[in-house]
Student: 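My questions all concern the structure below.
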Amino acid sequence: MKKNITVIEGDGIGPEVTRQAVKVLNAVAASFHHEFHYSYQLMGAVAIDKTGEPLPAETIQSCLDTDAVLFGAIGHPKYDNDPQAKVRPEQGLLALRKTLQLFANIRPVSTYAGLQHLSPLKAKQLEGVDMVIYRELTGGIYFGEKTRAADDSSASDLCSYTHEEIERIARPAFEAARKRKKKLTLVDKANVLETSRLWRKIVQGIAAEYSDITTEYMFVDNAAMQLIINPAQFDIILTENMFGDILSDEASVLSGSLGLLPSASVGKGTALFEPIHGSYPQAAGKDIANPFGSILSAAMMLDYFDLHAEAALVREAVEWSLGNGFVTRDIEPVNFYFTSTLGELITDYISGNIPGSVKKENIELRKSTII
Ligand code: IPM
Ligand code: MN
């Protein structure tokens with residue numbers, strides 16, 4: 001199979017984690033006789049520095065012309081504390097989602113054996129946690145009309161949704177539930193918000209067509225609590241843009257590290273794959289960031305290409321690495337491995353270069369000495 005991929009490394013740790021995912025994709029291509037071609041493009045703070053714009057036209061064109069986008073992270077502290085900034089890195093990502101009409105952001109949250117101690121929750125509560133968040137990505141308060149009074153006396157963000165916007169993400173969410181544990185929870189605030197009441201009505205209508213799926217409705221405040229006290233109850237969580245943003249970060253701590261979680265954004269245009277972690281500027285350039293969120297995002301990309309055996313092998317490699325203690329500092333603060341070392345290790349696993357019994361001492365040599 002031949003595929004063209006736009007790679008947007010972005011800001012902070014984006015470049016270093018994305019490079020590991022590209023190494024892994026190259027190993028997959030070599031082992032399975034595929035051809036992946038990459039077009040490297042700018043977005044975010046790095047794009048503002050080089051071109052003045054967070055999303056240059058050339059980046060958009062490349063995304064439109066290629067089969068998928070692999071994205072790292074976006075954001076820079078110099079903009080975070082400057083509410084006056086007119087141009088912001090995040091505008092690039094939001095504009096790209098809108099341009100490619102990526103209305104569904106899919107965020108799987110699973111737990112890994114042996115990592116339970118990293119979660120703030122007790123191990124018992126983590127048993128059976130395996131959910132996927134379907135977050136609406138191109139509507140709601142993120143994209144509604146914004147106002148700001150000239151004298152800063154007031155500001156507003158409009159939250160609006162159309163029937164079509166709700167239905168086009170609800171249907172794939174139900175289909176996903178059908179292939180999984182057959183449960184879907186719509187998270188909204190229908191006791192207060194009109195948009196939520198529209199979501200509920202439309203989802204109730206679709207639920208009637210999916211009698212094999214148990215559909216539940218939960219207010220977002222309760223959902224935030226349920227994710228902590230009983231996360232195993234969830235299978236598919238379907239929700240609007242901002243609730244999904246907040247709840248997916250909350251849910252990520254269940255797996256033990258935000259650094260492990262991948263995501264896929266799909267819709268009408270070219271699909272985009274990115275780890276859910278941000279740009280983590282404090283770690284940028286130190287080779288300590290967790291590359292698994294990005295590598296697992298590449299696995300989601302392989303699934304999207306219908307390369308399921310390849311995707312499964314990448315996941316197996318990551319599980320093997322986690323299971324054998326080959327992990328970054330977020331998971332093991334003392335005996336940790338570098339980002340690039342783990343990229344090579346996963347690549348070796350995929351290429352069949354890891355013998356049945358690992359010669360750990362060889363890998364130990366490349367372990368961090370910063371303890
Ligand atoms: C995410 C991020 C983005 C969002 C930011 C960077 C605009 O937090 O992908 O979850 O809020 O959607
Ligand atoms: Mn977010």
Side-chain angles (χ1 to χ4, degrees), residues 8-15 17-18 21 42-48 53-55 59 63 69-83 85-109 131-144 146 157 159 161 165 169 187 220 223-224 227 237-255 257-267 271-284 289-290 293-294 296-297 300-301:
I8 303 175
E9 295 181 337
D11 303 325
I13 58 168
V17 297
T18 308
L42 296 172
M43 184 167 81
V46 64
I48 299 175
E53 295 172 64
L55 179 62
T59 301
C63 293
V69 181
L70 181 66
F71 169 56
I74 206 162
H76 193 283
K78 73 180 171 201
Y79 300 96
D80 294 344
N81 296 319
D82 179 9
K86 288 269 177 302
V87 184
R88 316 183 66 83
E90 291 78 6
Q91 288 164 346
L93 180 59
L94 295 175
L96 187 62
R97 287 172 178 168
K98 199 74 176 175
T99 308
L100 300 176
Q101 301 185 66
L102 303 174
F103 54 78
N105 182 225
I106 303 166
R107 299 185 163 182
V109 179
M131 71 183 90
V132 182
I133 301 178
Y134 270 65
R135 166 190 175 195
E136 200 291 324
L137 202 60
T138 50
I141 198 164
Y142 269 56
F143 291 94
K146 297 179 190 305
D157 297 276
C159 181
Y161 269 108
E165 285 174 324
I169 181 168
V187 173
V220 62
L227 272 173
I237 290 182
L238 169 63
T239 191
E240 63 92 65
N241 201 343
M242 191 160 78
F243 296 159
D245 178 46
I246 298 166
L247 293 182
S248 58
D249 266 31
E250 185 190 354
S252 74
V253 302
L254 303 171
S255 75
S257 173
L258 181 64
L260 287 170
L261 294 192
S263 84
S265 299
V266 301
L272 179 147
F273 300 83
E274 59 168 313
I276 88 156
H277 62 68
S279 55
Y280 191 15
Q282 305 86 329
N290 192 334
S294 184
L296 292 169
S297 299
M300 290 185 89
M301 178 187 286

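Because only heavy atoms are used, hydrogens play no part in the values below, and waters and symmetry mates are left out as well, while side chains stay in. Every number for a ligand or one of its atoms is a count from 1 in the order of the listing.
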Student: Any idea which protein heavy atom is nearest atom 11 (O) of ligand 1, and the distance to it?
Tutor: Y142 OH, 2.5 Å
Student: Side chain, backbone, both or neither: which part of R97 comes within less than 4.0 Å of ligand 1 when only heavy atoms are counted?
Tutor: side chain
Student: Looking only at atom types and distance, does a side-chain atom of R135 sit under 3.5 Å from a main-chain N or O of N241, one as donor and one as acceptor?
Tutor: yes
Student: What atoms in ligand 1 come closer than 4.0 Å to a heavy atom of R107?
Tutor: 1 (C), 9 (O), 10 (O)
Student: Would you compute the distance between atom OG of S248 and atom CG of N105 and round it to the nearest 0.5 angstrom?
Tutor: 7.0 Å
Student: Confirm or rule out an N/O/S atom of D249, from backbone or side chain, lying less than 2.8 Å from the Mn ion (ligand 2).
Tutor: no
Student: Just by distance, do the side chain of S297 and the backbone of G293 share a donor-acceptor pair under 3.5 Å?
Tutor: yes
Student: Do the side-chain N and O atoms of Y142 and D157 include a donor-acceptor pair separated by under 3.5 angstrom?
Tutor: no
Student: Check ligand 1 against R135 and write out every atom of the ligand that is under 4.0 Å from a heavy-atom position of the residue.
Tutor: 1 (C), 4 (C), 9 (O), 10 (O), 11 (O), 12 (O)
Student: Main chain of V46, side chain of D11: is a donor-acceptor contact present, judged purely on distance under 3.5 Å?
Tutor: yes
Student: Please find the N/O/S atom of D245 nearest to the Mn ion (ligand 2) and write down its name.
Tutor: OD1
Student: Under 4.0 Å from a heavy atom of E90: which atoms of ligand 1 are those, numbered in the order shown and with their elements?
Tutor: 6 (C), 7 (C)
Student: Determine whether a donor-acceptor pair (N or O, by modelled atom type, separation under 3.5 Å) exists between the side chain of E136 and the backbone of G139.
Tutor: yes
Student: Which of the atoms of ligand 1 are close to I74, meaning less than 4.0 Å from one of its heavy atoms?
Tutor: 6 (C)
Student: Which of these, D245, L94, D11, has its nearest heavy atom closest to atom 2 (C) of ligand 1?
Tutor: D245
Student: Going by heavy atoms in the side chains, are L261 and P108 under 4.5 Å from each other?
Tutor: no
